[in-house]
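Worksheet: one structure, shown below.
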Protein chains: 2
Amino acid sequence: MDDEERELIDGRRARGTKRRAEIIDATLAVVTRDGAAGVTHRTVATQAGITTSLSTYYFATLDDLLVAALSSVADAYTARIRQIIDGPGDKLRGLAELIAESGGPGRERALAERELSTLAARRPALAPVARQWRENVAELAATLTAAPEAVAALVATSDGLCTAILIDNVPADSDYVHRVLCQALGAHRDAAATAR
Amino acid sequence: MDDEERELIDGRRARGTKRRAEIIDATLAVVTRDGAAGVTHRTVATQAGITTSLSTYYFATLDDLLVAALSSVADAYTARIRQIIDGPGDKLRGLAELIAESGGPGRERALAERELSTLAARRPALAPVARQWRENVAELAATLTAAPEAVAALVATSDGLCTAILIDNVPADSDYVHRVLCQALGAHRDAAATAR
DNA sequence: GTTCTACTTGTACTATCGTTCAAACAACTT
DNA sequence: AAGTTGTTTGAACGATAGTACAAGTAGAAC
């Protein structure tokens, strides 16, 4: 245990980063299992295998914990989509596969994200975090079309498809998702293969 | 205790329908103000100006209350969109105006609907109710196009636009919404004015 | 009148919540 | 060894939650 994580930019030591990450993971597990309403210092602590007071030691208030958890999922999602944007492959297909994950192994995370982003509607401090996903999708869309309406349509469709997949609770077909995205982009006739 | 509930179409009297409606309204007011997490028998009762026990008299459990409230908003939304489908006007424009309301006077209701439909992701009994909005939009879309992808794109876009409007918390321009819907429909080039 | 039934209230029990706090623990400095 | 600093614990306080329940009302049926 020397300079454990540091993940900070300044020369100083990173504080309880590892514990914080554990607690955030436990929080997301609770959100996945019982919903955001089930998140309490006690349930989170039990899930993490620590004491209640330790949870409050790292996150003084429940709100801090929820904000941190939402930011965490948002960051993970952001990393995924940036990978698609900067990567070499077909961007629209990459997005389709990412969305389709909401119905399979990524359902838990997608569910947590929706739950927590709904929370954001009432806490102004969380709105920027919740908006990040949309902005990243918009950036991706901007590489595929110049029409602002097409960008907006792709962003909205991506979000709506995620919602539909979550509520219908069925494994999603990434080919189908891709086709719907093409439709929204207006690429159904010509630009279906132009991605990148 | 015979045919108590039914309060429906048959000639019999409806039981505590009025009180129930009052309590549901109060519930939605609480959801609007404090979110679904703020819904308790006590807060609802205070909002409705009744005693706590009366709230439990009509809705034995908190879950019953939330289910009833969600069903209520879903019904109201359903009525609105059926009006558009069966009405004489431009259906796509009607839908655009309905969506744009989420940013203005209808924000409260849209917020409540999102909050409560998120709740549905974890309670299977609520999923059909949450799905109804999508199915109605799909029905509307089916009158405008035959392509299944276009229908799916319009439904997803409608949902995503609502979300965006709610999170961005800005009054929405129904013309803009209409243009994005046209884009998703694939009607940007030709069919922009074909609605109906 | 009495009776019955739907409705309404006040009170209370039990559980759990967020949060606090003093004390113990661990590792590293001096 | 003593001290310092960051971490962890167990116990507790006050507040609020869901729910239950016996008692009280009002009005229609008898």
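Basis for what follows: all heavy atoms, side chains included, without hydrogens, waters or symmetry-related copies. It should be emphasised that the depicted structure is a prediction, and the values quoted were computed from it without experimental measurement. Residue numbering restarts at 1 for every chain, and letters A, B, ... go by the order of the sequence lines.
- A:Arg42 comes within 4.0 angstrom of a base, heavy atoms only.
- In this view, B:Leu62 and B:Val39, B:His41, B:Leu65 satisfy the side chain to side chain contact (heavy atoms under 4.5 Å, CB included) rule, not counting sequence neighbours.
- Contacts of residues 59-68 of chain A with DNA chain C (heavy atom under 4.0 Å): A:Ala60, A:Thr61, A:Leu62.
- Side-chain atoms of A:Ser53 come within donor-acceptor range of the base of D:dG10, with a qualifying N/O pair under 3.5 Å.
- Listed by residue number, the members of residues 24-40 of chain A with any heavy atom below 4.0 angstrom from DNA chain C are A:Val39, A:Thr40.
- Listed by chain and number, the residues in a side chain to side chain donor-acceptor pair (under 3.5 Å) with A:Asp63 are A:Arg123 (sequence neighbours excluded).
- Taking only side-chain atoms of B:Tyr57, from C-beta outward, the nucleotide of D:dT8, D:dA17, C:dT8 with the closest atom is C:dT8.
- Residues passing the side chain to side chain donor-acceptor pair (under 3.5 Å) test with A:Glu115 are B:Arg122, sequence neighbours excluded.
- Checked against side chain to side chain donor-acceptor pair (under 3.5 Å), A:Arg131 has the following partners two or more places apart in sequence or in another chain: B:Asp168.
- Within the structure, side-chain hydrogen bond (donor to acceptor under 3.5 Å, both in side chains) contacts touching residues 44-60 of chain A (residues at least two apart or in different chains) are A:Arg33-A:Gln47.
- In this structure, A:Thr43 and A:Thr56 both approach DNA chain C, and ranking their closest nucleotides by distance from the 5' end singles out A:Thr43.
- Spacing between atom OH of B:Tyr58 and atom P of D:dT19 amounts to 18 Å, rounded to whole angstrom units.
- Remark: B:Ser102 engages B:Tyr77, B:Ala110, B:Cys162, B:Ile165 in a side chain to side chain contact (heavy atoms under 4.5 Å, CB included) (not counting sequence neighbours).
- Closest approach to the A:Leu54 side chain among C:dT19, D:dT19, D:dT8 is made by D:dT8 (side chain taken as heavy atoms from C-beta onward).
- Here D:dT7 presents its P atom at 11 Å from CD1 of A:Ile23, a figure rounded to the nearest Å.
- The existence of a salt bridge linking A:Arg20 and A:Asp64 is excluded, since no basic side-chain nitrogen approaches an acidic carboxylate oxygen closer than 4.0 Å.
- Between B:Glu139 and B:Arg82, at least one side-chain nitrogen of the basic residue sits less than 4.0 Å from a carboxylate oxygen of the acidic one, meeting the salt-bridge criterion.
- Applying the side chain to side chain donor-acceptor pair (under 3.5 Å) rule to A:Ser158 yields no partners; only residues at least two apart in sequence or on another chain are considered.
- In this model, the phosphate group of C:dT8 is approached by a side-chain N or O of B:Arg19 to a distance below 4.0 Å at OP1 or OP2.
- The CD atom of A:Glu22 sits 13 Å away from the C1' atom of D:dT7 (whole-angstrom rounding).
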